[in-house]
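Reviewing the structure listed below.
Keep in mind that this is a model prediction, so the values were computed, not measured.
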Amino acid sequence: MGKRRSPRSVRGLEGLSRVRLSEHFFLRDFLYSEVAALHGLDNIPDDPDVAIAAGEQLCQQLLEPLQQHFGPLALRSGYRNAALNAFCNSQGYNCSRNPATAANHIWDMRDDRGGIGAMVTVVVPAFLPEYDATGDWRPLAWWLHDHLPYSEICFFPKLAAFNLGWREFPLQEIRSFAPPKGLLFKPGMTVPETRPYPRCLT
């Protein structure tokens, strides 16, 4: 099979969106963008082969085991092509500049080490009752740390949503914009011996 071209027809995009990345996830699950819909922009991969390769790892290594333990996931803010991400950044839509987003939300742009990667924003509905009651995202963060080969995780206040990223050359960092804000873990830091896990697992 030759190199896939970025589709420029409805039939071509339909075929690309039907690519199965893992048992439960397809490429189409990650292509929707509110910004693209509102501004009439496309969000089609420039290099489908790289996007698919990175997306397969994200889904198989991270999303499938996460869904297996916690049930159905709500996904948003997945893939962004370079032009859309640059537009989002220029409009102040909480998107980093393209070099910082390579191998994150821009799945088909390699990072500065030449590695591939992919990121998606995730909400775990089963965890929401506990988060609503406690406001503490850290039990879920520690479960992710102990069970998944992640590169980056960053939590947000609304719905305990978090960016979950896989990279060929992982950073293994956990941060949060939800209180307590800041860095929870990076290589070299000591992991607490006692780490709470979400109660919905028990």
Set of side-chain contact (heavy atoms from CB on, under 4.5 Å) partners for P129, sequence neighbours left out: none
Side chain to side chain donor-acceptor pair (under 3.5 Å): which pairs involve residues 66-78, sequence neighbours left out? S77-R80
Go through the structure and list residues passing side chain to side chain donor-acceptor pair (under 3.5 Å) with E64, not counting sequence neighbours. S22, H24
Partner residues of F87 under the ring-ring contact (aromatic ring centres under 6.0 Å, His included) criterion, sequence neighbours left out: H39
Any side-chain donor near an acceptor of the partner, D46 and N81, under 3.5 Å: no
Can you run down the salt bridge (Lys or Arg N to Asp or Glu O under 4.0 Å) pairs that involve residues 96-119, sequence neighbours left out, and say none if there aren't any? D111-R167
Show me the pairs that pass salt bridge (Lys or Arg N to Asp or Glu O under 4.0 Å) and involve residues 178-195, at least two apart or across chains. D146-R195
Could you pull out all residues at least two apart from P157 that satisfy side-chain contact (heavy atoms from CB on, under 4.5 Å)? F177, A178
Got a sec, which pairs hit salt bridge (Lys or Arg N to Asp or Glu O under 4.0 Å) with one end in residues 16-26, sequence neighbours left out? none
Which residues pass the side chain to side chain donor-acceptor pair (under 3.5 Å) test with N89, sequence neighbours left out? none
Listed by chain and number, what are the side-chain contact (heavy atoms from CB on, under 4.5 Å) partners of L38, not counting sequence neighbours? none
Please enumerate all residues that pass side chain to side chain donor-acceptor pair (under 3.5 Å) together with N163, with sequence neighbours excluded. T121
Taking side chain to side chain donor-acceptor pair (under 3.5 Å) as the definition, give me every residue that meets it alongside Y32, ordered by chain and number, with sequence neighbours left out. none
Could you walk me through whether K3 and D47 pass the salt bridge (Lys or Arg N to Asp or Glu O under 4.0 Å) test, one step at a time? CA-CA 9 Å; K3 179 179 174 63; D47 190 329; 3.1 Å; yes
Do I106 and L171 sit in the same hydrophobic cluster, where Ile, Leu, Val, Met, Phe, Trp and Tyr count as joined when their side-chain heavy atoms come under 4.5 Å apart? no
